[in-house]
Amino acid sequence: MLLKTVLMLALVAQVLVLENGLLRKPPMGWLAWERFRCNIDCNEDPKNCISEQLFMEMADRLAQDGWRDLGYVYLNIDDCWIGGRDAKGNLVPDRKRFPHGIAFLADYAHSLGLKLGIYEDLGNFTCMGYPGTTLDKVVQDAQTFAEWKVDMLKLDGCYSSPNERAEGYPKMAAALNATGRPIAFSCSWPAYEGGLPPKVNYTLLADICNLWRNFDDIQDSWRSVLSILDWFVIHQDVLQPVAGPGHWNDPDMLLIGNFGLSFEQARAQMALWTVLAAPLFMSTDLRTISAQDIDILQNPLMIKINQDPLGIQGRRILREKSHIEVYLRPLASEASAIVFFSRRMDMPYHYHSSLARLNFSSSMVYEAQDVYTGDIISGLQDKTNFTVIINPSGVVMWYLYPIRKLGIPQH
């Protein structure tokens, strides 16, 4: 009995120690993968290959072009940085592409007020075939990342078995915390188990991971965005309750600034990811991004909504026969974010509705601000009819907040 009690206490202590207190709001930053993939040909393409230079130039842009000050603070390395392991089994970066090492990059990021993220894989190899973090290397690699002063680890799941993942992800969480350095932990575990219970235990995940990938990698296309959105909506009853401060569902990177989305689709992805309380990881070339795309990504009200302190993930609440959908995210101070989203492909659609139809209180008077245009809609009551005009593949997004109770005069 005593042994059972000791074992029980040890398990409880292990779970408690995994809460690292990080990412109380969805993380924001820049991630290399979607835009730059595994481009390692620095002879033919020196400006765009996965290298120290690329990350330093992106760090400069994050710091100098307003991104950092809006909250985009993570500079995240993805696959294809590893050169191998040294004689002691420690990970080392590719010497040609990262001549000064990862600790140098971390210092550079920190000097600009940024944080550095890095990538590994819980298997024999990373997805692109570089040395992985096998179970016997978990503690050693966690210590290496801490010594380099890394601030986030994304741990992928290629070339690993379900049993290895079940042991390895909790083991890495404990190993990161044991280093004494705050390192946010991004897990790909659920994506390799189909993303759903019973194979995925979201209660356990919330204890060991700060964010997790549930579904397929995003590709640079509207079709890919919709496939991810559809999966999140179909399974929202499972996914929505498990997100919150310190533990987020991650539908993958923002495509804005690349090649596959129209202007309307770019605005739609930003709004939908925000209402889903998703991490905002850009993956574009910040050296050449257009002013139009900067405006989408740097929208201050959008970012305020994404970073809302309650950390409640939104849901789709209406799906109309007209192919209009309505999404709602509850926010602090009794405010809400509402996204009116059109899946139509013909022409702008005049959508008629009321707050009563969206289940808002009959005792309050509301005001709405259009997140993209800044327009204010005043005096909204539950039975007030309104019309929003939504472009094909586009959104109208409102920040809705109560201004007074019905029957109480304005001062």
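Bear in mind the structure is a predicted one, so any value in this text is a computation, not a measurement.
- Residue Trp30 comes nearest to Thr284 through the heavy atom pair NE1-O, 2.7 Å, listed as atom of the first residue, atom of the second, then distance.
- Atom NE2 of His323 is surrounded by 12 or fewer heavy atoms from other residues, nucleotides or ligands within 6.0 Å.
- The shortest side-chain heavy-atom distance between Gln381 and Thr384 falls under the 4.5 Å cut-off.
- Side chains of Ser227 and Asp230: no donor on one and acceptor on the other come within 3.5 Å.
- Between the side chain of Thr274 and the backbone N or O of Met270, at least one donor-acceptor pair lies under 3.5 Å.
- At a cut-off of 3.5 Å, with distance as the only test, a side-chain donor of Asp151 or His110 sits close to an acceptor on the other residue.
- Checked for salt-bridge contact, Asp237 and Arg315 meet the test: a charged N lies under 4.0 Å from a carboxylate O.
- Two residues are said to be in side-chain contact when any heavy atoms from C-beta on lie closer than 4.5 Å; Cys38 and Ile50 fail this criterion.
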Salt bridge (Lys or Arg N to Asp or Glu O under 4.0 Å) between Asp65 and Arg61, intermediate numbers included: CA-CA 5 Å; Asp65 297 345; Arg61 299 278 56 81; 2.6 Å; yes

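- Ring-centre distance between Tyr72 and Tyr74: not below the 6.0 Å cut-off.
- Classified by interplanar angle (parallel below 30°, tilted 30° to 60°, perpendicular above 60°), the ring pair Tyr202/Trp212 is tilted.
- Residues Tyr366 and Phe360 place their aromatic rings such that the two centres sit under 6.0 Å apart.
- Using a 3.5 Å distance cut-off with no hydrogens or angles, the side chains of His352 and Thr387 do pair a donor with an acceptor.
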Test salt bridge (Lys or Arg N to Asp or Glu O under 4.0 Å) applied to Lys154 and Asp121, step by step: CA-CA 8 Å; Lys154 174 185 171 183; Asp121 185 286; over 6 Å; no

Residues Leu116, Asn76; criterion side-chain contact (heavy atoms from CB on, under 4.5 Å); working and verdict: CA-CA 6 Å; Leu116 187 74; Asn76 286 12; over 6 Å; no

Verdict with reasoning, Gln313 to Asn249, per side chain to side chain donor-acceptor pair (under 3.5 Å): CA-CA 9 Å; Gln313 182 172 314; Asn249 292 305; 2.8 Å; yes

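- Screening Asn124, Thr144, Asp141 against Thr133 for a side-chain hydrogen bond (donor to acceptor under 3.5 Å, both in side chains) leaves a single residue, Asp141.
- Arg24 CZ: more than 12 foreign heavy atoms inside a 6.0 Å radius.
- For the residue pair Tyr351 and Glu320, a side-chain donor N or O sits within less than 3.5 Å of a side-chain acceptor on the partner.
- With respect to the salt-bridge test (charged N to carboxylate O, under 4.0 angstrom), the residues Arg68 and Asp60 do not qualify.
- For the residue pair Asp136 and Thr134, a side-chain donor N or O sits within less than 3.5 Å of a side-chain acceptor on the partner.
- Shown here is Glu334, whose CD atom has no more than 12 heavy atoms of other residues, nucleotides or ligands within 6.0 Å.
- Ionic pairing of Asp346 and Arg344 is present here: one or more N-O contacts between side-chain nitrogen and carboxylate oxygen are shorter than 4.0 angstrom.
- Val225 and Ile218 get closest at one heavy-atom pair: CG2-CD1, 4.1 Å.
- Between the side chains of Asp250 and Asn214, not a single donor N or O lies within less than 3.5 Å of an accepting N or O.
- Between the side chains of Tyr349 and Asn391, no donor N or O sits under 3.5 Å from an acceptor N or O.
- Remark: the Asn48 side chain and the Asn39 side chain contain no N/O donor-acceptor pair separated by less than 3.5 Å.
- In this structure, a donor-acceptor pair under 3.5 Å is present between the side chains of Glu367 and Ser378.
- No donor-acceptor contact under 3.5 angstrom links the side chains of Asn299 and Tyr372, judged on distance only.
- Ionic pairing of Glu52 and Arg97 is not present here: no N-O contact between side-chain nitrogen and carboxylate oxygen is shorter than 4.0 angstrom.
- Side-chain atoms of Glu34 and Asn258 include a donor-acceptor pair closer than 3.5 Å.
- No donor-acceptor pair closer than 3.5 Å links the side chain of Gln265 to the backbone N or O of Ile256.
- Between Asp285 and Arg287, at least one side-chain N (NZ, or NE/NH1/NH2) sits under 4.0 Å from a carboxylate O, which counts as a salt bridge.
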Audit row: Asn385, Ser354, side chain to side chain donor-acceptor pair (under 3.5 Å) steps and yes/no: CA-CA 5 Å; Asn385 293 316; Ser354 68; 4.8 Å; no

CA sep, side-chain torsions, deciding dist, call: Arg35, Ser283, side chain to side chain donor-acceptor pair (under 3.5 Å): CA-CA 5 Å; Arg35 177 64 182 81; Ser283 188; over 6 Å; no

Glu57 and Gln53: CA distance, side-chain angles, deciding distance, side chain to side chain donor-acceptor pair (under 3.5 Å) verdict: CA-CA 6 Å; Glu57 289 184 6; Gln53 180 185 343; 2.9 Å; yes

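- The shortest non-hydrogen separation linking Ala175 to Ala142 is CB-CB, 3.7 Å.
- Taking the centre of each ring, Phe340 and Trp398 come in below the 6.0 Å mark.
- The main-chain N or O of Glu164 is never found under 3.5 Å from a side-chain atom of Ser160 such that the two would form a donor-acceptor pair.
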